[in-house]
Participant: 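Could you have a look at this structure, given as structure tokens, before my questions?
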Amino acid sequence: MEQVSARLASLSPSETLAMSQKSQELKAQGFNVINLSVGEPDFFTPDHIKEAAKKAIDDNFSFYSPVPGYMDLRKAVCDKLKRENDLDYTPEQIIVSGGAKQSVCNTLLCVVGPGDEVIIPTPAWVSYMEMVKLAEGTNVLVKAGIDQDFKITPAQLEAAITDKTKAIILCSPSNPTGSVYSKEELKALADVLAKYPNITIIADEIYEHINYIGKHESIAQFENVRDRVVIVNGVSKAYAMTGWRIGYIAAPLWIAKACNKLQGQYTSGPSSIAQKAAVAAYNGPQECVEVMREAFDRRRKLVIEMAKEIPGFKVNVPDGAFYLFPDVSALFGKSFEGKVINDASDLAMYLLEKALVATVGGNAFGAPECLRFSYATSDENLVEAMNRIKEAVALLK
Ligand code: PMP
Ligand code: GLU
């Protein structure tokens with residue numbers, strides 16, 4: 001009998017990956033689909049990083065690495081945290097995993113158990129809620145709409161905290177909104193959390209380097225919460241290395257030890273070759289990061305201007321990441337050839353079929369009124385995609 005576990009049955013598949021898969025299938029059938037669904041840099045991994053991986057193969061880094069990652073990589077991460085964030089960590093506090101995705105999931109599995117509540121400011125990345133379910137915890141979603149720039153206030157945070165709150169996941173710059181919390185905003189949230197010493201703060205900083213308003217701010221800089229912050233980061237976005245699968249946590253020692261134990265039974269250390277490439281990413285020249293950030297910024301401006309011209313799209317200005325997350329609720333209730341658009345998932349499906357543009361409906365991010373566009377693609381693709389979307393939206397009556 002084919003019967004998956006109750007745990008698995010409760011999980012939703014990843015909508016970002018599903019939309020991307022769908023667009024690839026359509027492409028394979030010969031349709032000229034423009035894929036703005038999945039969020040990953042469209043650049044190739046920089047050459048000096050690729051060279052380091054080739055050298056690692058030739059140098060026979062073909063054996064299991066230590067479970068938490070090679071020492072040189074964990075030291076390189078500590079150096080990065082000092083150099084870029086002025087934060088002091090020891091290599092024992094760094095656990096390297098198969099992508100930041102695994103880092104978030106490891107942390108939740110180590111900290112959260114049945115009945116524990118996890119606060120997730122929404123809109124939020126699709127996988128957080130499902131990972132909390134995997135850990136048998138309870139999601140407590142705190143909604144921040146476009147009118148508050150998709151950022152929660154300290155009062156909202158405090159109202160959501162109960163004696164069951166075990167963790168909060170903060171993502172800045174945010175997927176899917178692109179919003180970036182300022183230092184003052186983060187401090188105000190830290191001041192609330194400082195009153196509740198049992199709450200672990202998971203700070204997902206994977207978009208750290210894709211920031212258009214200046215220096216990245218980490219909640220780990222505030223002494224009153226510092227010992228409870230788990231920074232999640234990795235090489236996927238900053239160095240265009242999504243396929244290499246290297247992420248890490250910088251965590252209090254007890255959480256690092258727990259993740260090490262979990263990973264030791266579950267996946268072991270991540271790919272040896274990819275780790276050596278990541279060492280080159282962190283210790284090597286950093287100009288490539290700025291070159292890509294500038295390209296994303298140019299595309300951001302382009303896509304904002306074009307989206308603003310589409311009737312029914314309410315657009316804010318994202319300060320980071322590579323997503324635009326317009327509120328499209330003004331289009332709900334409209335239809336094309338009898339098919340009614342009731343929410344953003346319906347609109348995403350309509351745009352895929354009619355405009356051959358893949359986006360992701362906000363439903364899975366906890367915001368069914370919004371639609372996510374990844375603008376990590378060429379300027380030509382973006383112009384063509386936005387024109388097609390404008391034409392398709394004009395057909396809705
Ligand atoms: N956090 C967020 C907010 C993300 O958008 C992503 C990318 N999907 C990840 C974590 C995971 O990144 P990685 O590729 O390193 O697993
Ligand atoms: N960050 C990407 C996204 O949100 C990757 C896909 C995923 O893992 O969700 O589209």
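Start at 1 with the first residue, then count along the sequence. From a predicted model like this one, the values you see are computed outputs, not experimental measurements.
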Participant: When rounded to the nearest 0.5 angstrom, what is the spacing between CD1 in I34 and CD in E380?
Facilitator: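 So the CD1 of I34 and the CD of E380 are separated by 10.5 Å.
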Participant: Is the distance between the ring centroids of F43 and F296 less than 6.0 Å?
Facilitator: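 Aromatic pair counts; centres sit under 6.0 Å.
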Participant: Check whether any side-chain heavy atom of E309 lies under 4.5 Å from a side-chain heavy atom of M306, and answer yes or no.
Facilitator: no
Participant: Which label fits Y323 and Y207: parallel for a plane angle under 30°, tilted from 30 to 60°, or perpendicular past 60°?
Facilitator: perpendicular
Participant: Got a second to check how far Y282's OH is from I49's CD1, nearest 0.5 Å?
Facilitator: 10.0 Å
Participant: Do I119 and V142 touch side chain to side chain, with heavy atoms closer than 4.5 Å?
Facilitator: yes
Participant: Can any side-chain N or O of Q275 pair as donor or acceptor with the backbone N or O of P270 at less than 3.5 Å?
Facilitator: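 Side chain of Q275 to backbone of P270: a pair is present.
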Participant: Have E217 and S182 got a donor and an acceptor in their side chains that come within less than 3.5 Å?
Facilitator: no
Participant: Report the distance from atom CG of L189 to atom CD1 of I168, rounding to the nearest 0.5 Å.
Facilitator: 7.0 Å
Participant: In a check of side-chain hydrogen bond (donor to acceptor under 3.5 Å, both in side chains) between N233 and each of E208, E205, H216, which one passes?
Facilitator: E208
Participant: Side chains of Q221 and D86 only: does a donor on one sit below 3.5 Å from an acceptor on the other?
Facilitator: no
Participant: Under a 3.5 Å threshold, yes or no: a donor from one side chain and an acceptor from the other, between Q102 and T267?
Facilitator: yes
Participant: Can you find a side-chain donor-acceptor pair between R372 and N175 that sits under 3.5 Å?
Facilitator: yes
Participant: Transitively linked via ILVMFWY side-chain contacts under 4.5 Å: V126 with L324?
Facilitator: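 Looking at the clustering, L324 is in a separate group from V126.
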Participant: We want to know whether D149 and N316 form a side-chain donor-acceptor pair, criterion being a heavy-atom distance below 3.5 angstrom.
Facilitator: yes
Participant: Would a 4.5 Å heavy-atom cut-off, applied to side chains only, mark P252 and V230 as touching?
Facilitator: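 Yes, close enough: below the 4.5 Å cut-off.
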Participant: For residues S345 and N363, is any side-chain donor paired with an opposing acceptor at under 3.5 Å?
Facilitator: yes
Participant: Under 4.5 Å between any side-chain heavy atoms of T200 and K166, yes or no?
Facilitator: no
Participant: Do N224 and D191 touch side chain to side chain, with heavy atoms closer than 4.5 Å?
Facilitator: yes
Participant: According to a hydrophobic-cluster definition based on side-chain heavy atoms being under 4.5 Å apart (Ile, Leu, Val, Met, Phe, Trp, Tyr only), do V328 and V357 belong together?
Facilitator: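 Yes.
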Participant: Calculate, to the nearest 0.5 Å, the distance between atoms CZ and CD1 belonging to R228 and I255 respectively.
Facilitator: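 It comes to 10.5 Å.
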Participant: Describe, in one word, how the ring planes of F61 and Y70 are oriented to each other, choosing from parallel (under 30°), tilted (30 to 60°) and perpendicular (over 60°).
Facilitator: perpendicular
Participant: Output yes when K314 and D147 qualify as a salt bridge under the 4.0 Å nitrogen-oxygen rule, no when they do not.
Facilitator: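 Yes, this pair counts.
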Participant: Can a side-chain donor-acceptor contact be found between Y239 and Q286 if the only test is distance below 3.5 angstrom?
Facilitator: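 Yes, Y239 and Q286 have a side-chain donor paired with an acceptor closer than 3.5 Å.
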Participant: Pairs of donor and acceptor atoms involving the side chains of residues 241-250, under 3.5 Å and at least two apart or interchain, shall be tabulated with distances.
Facilitator:
unit_1	atom_1	unit_2	atom_2	d
T242	OG1	E40	OE1	2.5
W244	NE1	T45	OG1	3.0
R245	NH1	T242	O	3.0
R245	NH2	G98	O	3.4

Participant: If you measure only the distance, is there a donor-acceptor pair under 3.5 Å linking the side chains of E84 and H209?
Facilitator: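 The criterion, which ignores hydrogens and geometry beyond distance, is satisfied for H209 and E84.
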Participant: For the residue pair S172 and S174, confirm or rule out a side-chain donor-acceptor distance under 3.5 Å.
Facilitator: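 No pair is found: no donor N or O on one side chain lies under 3.5 Å from an acceptor on the other.
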Participant: Is there a donor-acceptor pair under 3.5 Å between the side chain of N260 and the backbone N or O of A256?
Facilitator: no
Participant: Got I219 and V225 here, is their nearest side-chain heavy-atom distance under 4.5 Å?
Facilitator: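 They are in contact (side-chain heavy atoms under 4.5 Å apart), so the answer is yes.
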Participant: What's the separation between atom CZ in F365 and atom OG1 in T177, rounded to the nearest 0.5 Å?
Facilitator: 10.5 Å
Participant: Check whether any side-chain heavy atom of V38 sits under 4.5 Å from a side-chain heavy atom of M19, and report yes or no.
Facilitator: no
Participant: Go through the steps to decide whether N60 and S62 satisfy the test side chain to side chain donor-acceptor pair (under 3.5 Å), and finish with yes or no.
Facilitator: CA-CA 5 Å; N60 293 307; S62 52; 4.7 Å; no
Participant: Quick one: do the Y212 and E294 side chains pair a donor with an acceptor below 3.5 Å?
Facilitator: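 Short answer, no.
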Participant: Out of I169, L141, V111, which one pairs with V118 under the side-chain contact (heavy atoms from CB on, under 4.5 Å) rule?
Facilitator: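 The side-chain contact (heavy atoms from CB on, under 4.5 Å) with V118 is passed solely by I169 among I169, L141, V111.
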Participant: With salt bridge (Lys or Arg N to Asp or Glu O under 4.0 Å) as the test, would you mind laying out the steps for K276 and D72 before giving the verdict?
Facilitator: CA-CA 9 Å; K276 291 295 172 186; D72 58 349; 2.7 Å; yes
Participant: When you check the side-chain N and O atoms of D79 and N283, is any donor under 3.5 Å from an acceptor?
Facilitator: no
Participant: Is the charged tip of R83 near the ring of Y89: under 6.0 Å from the six-membered ring centre and within 45° of its axis?
Facilitator: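 No cation-pi geometry.
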Participant: Do D204 and Y128 get their side chains close enough for a donor-acceptor pair, meaning under 3.5 Å?
Facilitator: yes
Participant: Is there a path of hydrophobic side-chain contacts, each under 4.5 Å between heavy atoms, that joins W125 and I120?
Facilitator: yes
Participant: Are any of the side-chain heavy atoms of K339 and E337 separated by less than 4.5 Å?
Facilitator: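 No; the side chains remain at least 4.5 Å from each other.
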Participant: Looking at CD of Q263 and SG of C105, how far apart are the two atoms once the value is rounded to the nearest 0.5 Å?
Facilitator: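 Rounded to the nearest 0.5 Å, the CD-SG separation comes to 11.5 Å.
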Participant: Run the side-chain donor-acceptor check on residues 349-356: report pairs under 3.5 Å with partners two or more places apart or on a different chain.
Facilitator:
unit_1	atom_1	unit_2	atom_2	d
Y350	OH	A392	O	2.8

Participant: For residues E117 and T138, is any side-chain donor paired with an opposing acceptor at under 3.5 Å?
Facilitator: no
